[in-house]
Structure formats: C-alpha cells, structure tokens
Visitor: 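Right, I'll just put the structure down here and ask away after.
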2 protein chains.
Amino acid sequence: MKDVAARAGVSLGTVSNVLNRPERVSDRTRRRVETAIETLGFVRNESARQLRGGGSRTLAYVVLDTSNPFFTDVARGIQETADAQGLVVYLCNSGDDPHRQAAYLDLLEQQRVEGVLITPADAADPGIAALARRGMPVVVVDRGAGPDRCSVTVDDVLGGDLATTHLLDIGHERIAFIGGPRALGQVADRIAGAERALARAGRGALTVLETTHLDVSEGRRAGERLIGLPAARRPTAAFCANDLLALGLLQQMVRLGLRVPEDMAIVGYDDIEFAEAAAVPLTSVSQPRHLLGRTAAELLLAEAHGGADHEHRQVVFDPELVVRTSTRPHP
Amino acid sequence: MKDVAARAGVSLGTVSNVLNRPERVSDRTRRRVETAIETLGFVRNESARQLRGGGSRTLAYVVLDTSNPFFTDVARGIQETADAQGLVVYLCNSGDDPHRQAAYLDLLEQQRVEGVLITPADAADPGIAALARRGMPVVVVDRGAGPDRCSVTVDDVLGGDLATTHLLDIGHERIAFIGGPRALGQVADRIAGAERALARAGRGALTVLETTHLDVSEGRRAGERLIGLPAARRPTAAFCANDLLALGLLQQMVRLGLRVPEDMAIVGYDDIEFAEAAAVPLTSVSQPRHLLGRTAAELLLAEAHGGADHEHRQVVFDPELVVRTSTRPHP
DNA sequence: CTCACATCTTGAAACGTTTCACAGCCGAGG
DNA sequence: CCTCGGCTGTGAAACGTTTCAAGATGTGAG
C-alpha cells in the first residue's frame, strides 16, 4: 500500500480510503490510485486488515464427510445464505475423525472466523462447548444440541413413522428395519418412529436387522440375511436407515432374482440423487437438506449479530416421503 | 498475550517463546505460562502471527462441484498430503460459476494462502494467470494447462480406448458412445480414444449419441434414442462418458425390460461408488482420483518451496478399466 | 573471589492495514 | 475582507504477534 501511495503521489490514508470509502475521495485522485494499484498488482493483505479490526467475513462448516452427498447439499444451502451476506464459507472435512475435527476447530478459532457450523464427529467433544464459551457463534447441524446451543435437525421419529405408515398403507404386514448401529441417535429415532406407526396400526413388532455401518455392502449382507429367513416369517417390505443400505439391498435382490417391489418392497432414507437413479427407483424419506443449510447459516448470523441477548433455538424440520417404484408395482 | 504475560508474571516475549520454541524456556516458567493460557482461555490470533511473517500454513482447493464424488475423492488425496505437512486445506466450491471462482481466488490471495489448487470452471479466466504471475503457486487439477503451469490430469484418450477395446474383445461390433457436449475436452478425448480403438481393430465408425449434459436424465433419454434405432443398426453395447449417464441408461433398459448385459452391454466412466452399487454392477473406467489429489498437492508444495527455479510439470496418469457385471453375463 | 560462559528472559521494532482527529483549501455569505 | 462550512487529503496510533539483540542470572573453572 505504501508503494501504491508513493506511485500515486498520495498518502497511505488516501489509498485506504479509495479501498474502503471511495466516495470520500475525489474522482481524479481515486482514478490515479486505482491505476497505481493496477500496474503494481497490489493485493490487500487480509491479515493486516483483520488485525486492525475488520472482521474476517468468513464462516466455516466443519463437515462430517464431504463424500456424502447429503452434507454437500447442506453445504450448498449454507453457502447460498452466506453468499447473500457477502460472506465466504470454508468447508473443512473432518472425515469423521474427532482428532481432525478438534484440529480444525482450533485453527478456525485462531483464524477468528465469524462463526462455525458443525456436524460433529464427536458431539461430546468439549472443544465445541469451549469454543462457544469463548464467544464463538456455533450452530450444530443435523445433530441435536442442548438448550445452550443453536441447532437444526430433521425429525427422524416422524421420518420412521412416515416410511412405515406408507408400507402399512399399501398392505404390508411383516416389515423389517435395516440399519445400525442402534447407538446412532438417528437410527434409534427412525426405529422409534417405525414402532410408533406399527403400534398405532395395532400391528406386531418390527423385525430389526442391525448393521454395523450404513453402507452399501451392509445392505447387501442384510439382503442375504433377509432371504435366509423362513418364508413364513420373512418380511415383505424393508425400511432401510439410509439409501446406501437400500441400494445394497436392491442390488442383492436383483442378484438373487427377486423382484422389487413384488417380492420385496424397499424404502430408503435421505433421498440422495442415486435413489431416483436406481434401476428400480427407490421410495425414500427426503430431508430438506438445502433448507437445513440455509436455516443453520441464518441462525449463525443471528447469533453473530445478536450479541449477548441472543436466544438459542433448536429448529426441527419435517421430512417428506417420496414414493417411487420400489414400493409400487411397475405401471 | 499481554494478559497471559501479566498473569504469569513474565514478559510478552516469553509467552511467545512458550508458544513457538518451548525448549528455550525453563520448565518452571513454561508451566506457569501454560496454566495462565489455560485459565484465561487464550487463543493465538492467527492474523497477527501471519502478518508478522509466519506463513499461513494453508492451502486451498477451488473445486468445480463439491457434490460430484469424483472431486471429493480428489480433495481427500489433497488433504492427505497436506495433513502430512501440517498444512490445512480449505475447500472452496465454485459450483461451476466463473464469478464465484473469481471471487474465491481474490479472497484466497488476500488471505495469502500458501498455494491454490483449482479445477477451473472457466479455464480461460485471466485471474488464474494473474494469480500465478504475482507469485502464487497454482496447480490445475483434472484439466490441462500450458507449459507455464503445473497440472495433473488423466489420459482420457487412453480411457476411451480401454473401454472400447474391452467391448470389442468380448465380441461387440456395433458400439455407441453416449456423452456430450463434444465441446468438453474430456468428452472429445474419450471419443477420440474410442475411435482409435475401433480403427486399430479395423472396425467401422462409432455411433455417437450426443447429450447436452453428463447426468442421469440424459442417460435415460439416450436409452430411449437407442431403443428407437432400427434393430439392424442398433448398437449392442454403449460406452458412456460418465457413470451418471450409464446409470440412467441402465435404469431405462430395466424399465423397458431389456437385459444388461445380454441385450445391451454398458461401460461407464469414473467408477464412482454407485457404479459398483448399481443393480447390475457397472463396468467402468476408473481414474486414480486419490493419487491425482496427492500428486497435485505435492506439485504445489514443490512449487511453493522451489522458489524461482521451479520447473512446471504436467503429470498425466493412466486410467484403468474395472470389469463388472454390466459387460459380462451373470455367473 | 573473579571471570567466562551458558541459560533464560526482556523490550522494542516491525509486519500492513484502518481509523480518526485534524489541516488545507475553496467558495459562499455577511 | 473575514468567517464558516464542506470537501479532500494527511499522519500517526493501534491491532497482536514474532524476532532478535541485549540484559540478567546462574554455574563452573581458575
């Protein structure tokens, strides 16, 4: 900036004015400074600016897993809101590693970002609470949070209920739930929802096939287990805790020569892009991912601007059932 | 830091030493400072540190589209290399929008990141060249670059050749290429590779079904067009420019009651996770995504440390064919 | 007891901005 | 002719670190 000032024959302060309040500078001077900036290839040093007091104009989203389309859609919603405010979003991929998550949180705090959105690998990480205590706005995304924090989630109990009610409606009596481990809050909630639907309809218990992960290969394995059951007890429909399981299950059914939905109806969860693209398009429970992200970002901004009198809110959205071929006969 | 120093009863310089060269401080003092840091909840201000001369310890990857699994895998490779060097990677999603891309580049330069990896939305953006001219290390990922820049790519001509040769090998004579628009370098290269394979085998011309995008719905549409062809001329195999097209095509075949691979063999490209998870697991051309990312990051670091005598390199990797059920009969 | 030397600590300069009180200048009004 | 107010532009302080030369303190040898 000193060089620019010298070249334009003005003072440092004037260059700064051109950059930050151009209306306070006469046209002639402004143009002179601008050409100096141009020819010298000057680029403002953000560190210095920030040090002097300007905010960082930056948010961060610490994502659980960037390779999961669900989260990248959430991220897009966040970015949209941030964009509208002239803020930039840094995506940090914790890869479900609490250690990496902690490292990122440290770094972001040192960087003095305006706020942190996080889908925690380790929700119990005391680093999150500590961060918030020191005054950093924090919003938890797609995971519950206590009353002392903002969060946005989707009602998984309702989702489980919707899926199961749909299967009951189209006449299924023996329904399997596929997913796990049960220790995951979301899995437990979806099971609870399914059981609620069954109870309301006065039907028997849910057959739960617990899996170790929520991925495609576990879906395939669940398919084998399902087929292994005696025909009299074998479920005619499966509600999967996510679409990856459902895709794996579908694949296994096709491989074994069973028809979907005639021999086995399948409902997934998340409604990822590939649910619709599957050979038999999958019925799935869709979450408002985009809205989730936008709302999270809005809460964060409210907290950042609200100061001490900010009220923490826990927003819960309703999922929606998207019915496709995997639960209805081909036309 | 001043507060920490006061509380620990030492000077500012000593606190800094504890943070940066703890071995130069006596154990007693160090412990005193550390507890002061702890109780005060002190967090170093990265801006000030950077301003004073420390580098930013930060790389950035400006991604074309975070929702494409291909790029997130590349990103993981980048992160891995960065991690090993104690660097952090910021993911910036341009969403294929040249304007957003330019905004990110500006910001990253102001932020003085150590280097930028980019899969450009607009390869011709003069901002990239300008950035490099001003001394910022830049590596182009998955897109070609001139000799004055480092880049990492995969040989798409070879990929097209591999896919087509495989189809020829298993006895197909009429082969369709599905993909577009042709203006995309990668599409053109894959077609060139396919034609090279055909020419080498002394076979006739490729049937090219050009699409407007590389997505699932275009794959479905291509399936309809394929079926509409007179049986005598109808191809028995399709080579799709990416897996999304292949999945759409597969879906349409299933819907129309055609068997894959018996009635129509399908080869995809990219080998995304869902290629293997499809009802009929897809044969696909796999790119070394992870390696792509790692190598890109390594080139970037070399450029960052190499100084003026750095030699720009354009690294080209070979793709690999992964054969699955969609081009071979069920067992 | 003194000196040389090693170890530990200190204080001030420097990094590149922004901000703010203030100085020049000019034209208008009295 | 003087004063006042409105524009422009200026210069120095401040932001929170790191670094480095130099000071303080302690140790061992002679």
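Because the structure is predicted, anything quoted here is derived from the model rather than measured. All chains are named by letter (A, B, ...) in the order of the sequence lines, taking the proteins before the strands, and each is independently numbered beginning at 1.
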Visitor: Under the rule for side chain to side chain contact (heavy atoms under 4.5 Å, CB included), what residues qualify as partners of B:Ala296, not counting sequence neighbours?
Guide: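 B:Ala296 satisfies side chain to side chain contact (heavy atoms under 4.5 Å, CB included) with B:Leu117, B:Val139, B:Val141, B:Val152 only.
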Visitor: Among residues at least two apart in sequence or on other chains, which ones pass side-chain hydrogen bond (donor to acceptor under 3.5 Å, both in side chains) with A:His290?
Guide: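 Expected list: A:Glu80.
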Visitor: Within the 4.0 Å limit for protein heavy atoms, which parts of nucleotides 9-19 of chain D are touched? Write it as a string from 5' to 3', B for base, S for sugar-phosphate only, - for none.
Guide: SBB-BBBBBBB
Visitor: Quick one: side chain to side chain contact (heavy atoms under 4.5 Å, CB included) partners of A:Pro120, sequence neighbours excluded?
Guide: A:Gln101, A:Ile118, A:Ala123, A:Ile128, A:Val140, A:Arg143
Visitor: Determine to 10° how strongly the helix from C:dC1-D:dG30 to C:dG30-D:dC1 is bent, judged from the axes of its five-pair ends.
Guide: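 End axes: 60° apart.
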Visitor: Checking A:His213 now: which residues fulfil ring-ring contact (aromatic ring centres under 6.0 Å, His included) with it, not counting sequence neighbours?
Guide: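 Expected list: none.
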Visitor: With sequence neighbours excluded, tell me which residues meet side chain to side chain contact (heavy atoms under 4.5 Å, CB included) with B:Arg112.
Guide: A:Val43, A:Asn45, B:Gln50
Visitor: Not counting sequence neighbours, which residues clear side-chain hydrogen bond (donor to acceptor under 3.5 Å, both in side chains) with B:Glu109? List them please.
Guide: B:Arg134
Visitor: Residues in side-chain hydrogen bond (donor to acceptor under 3.5 Å, both in side chains) with B:Thr29, at least two apart?
Guide: B:Ser26
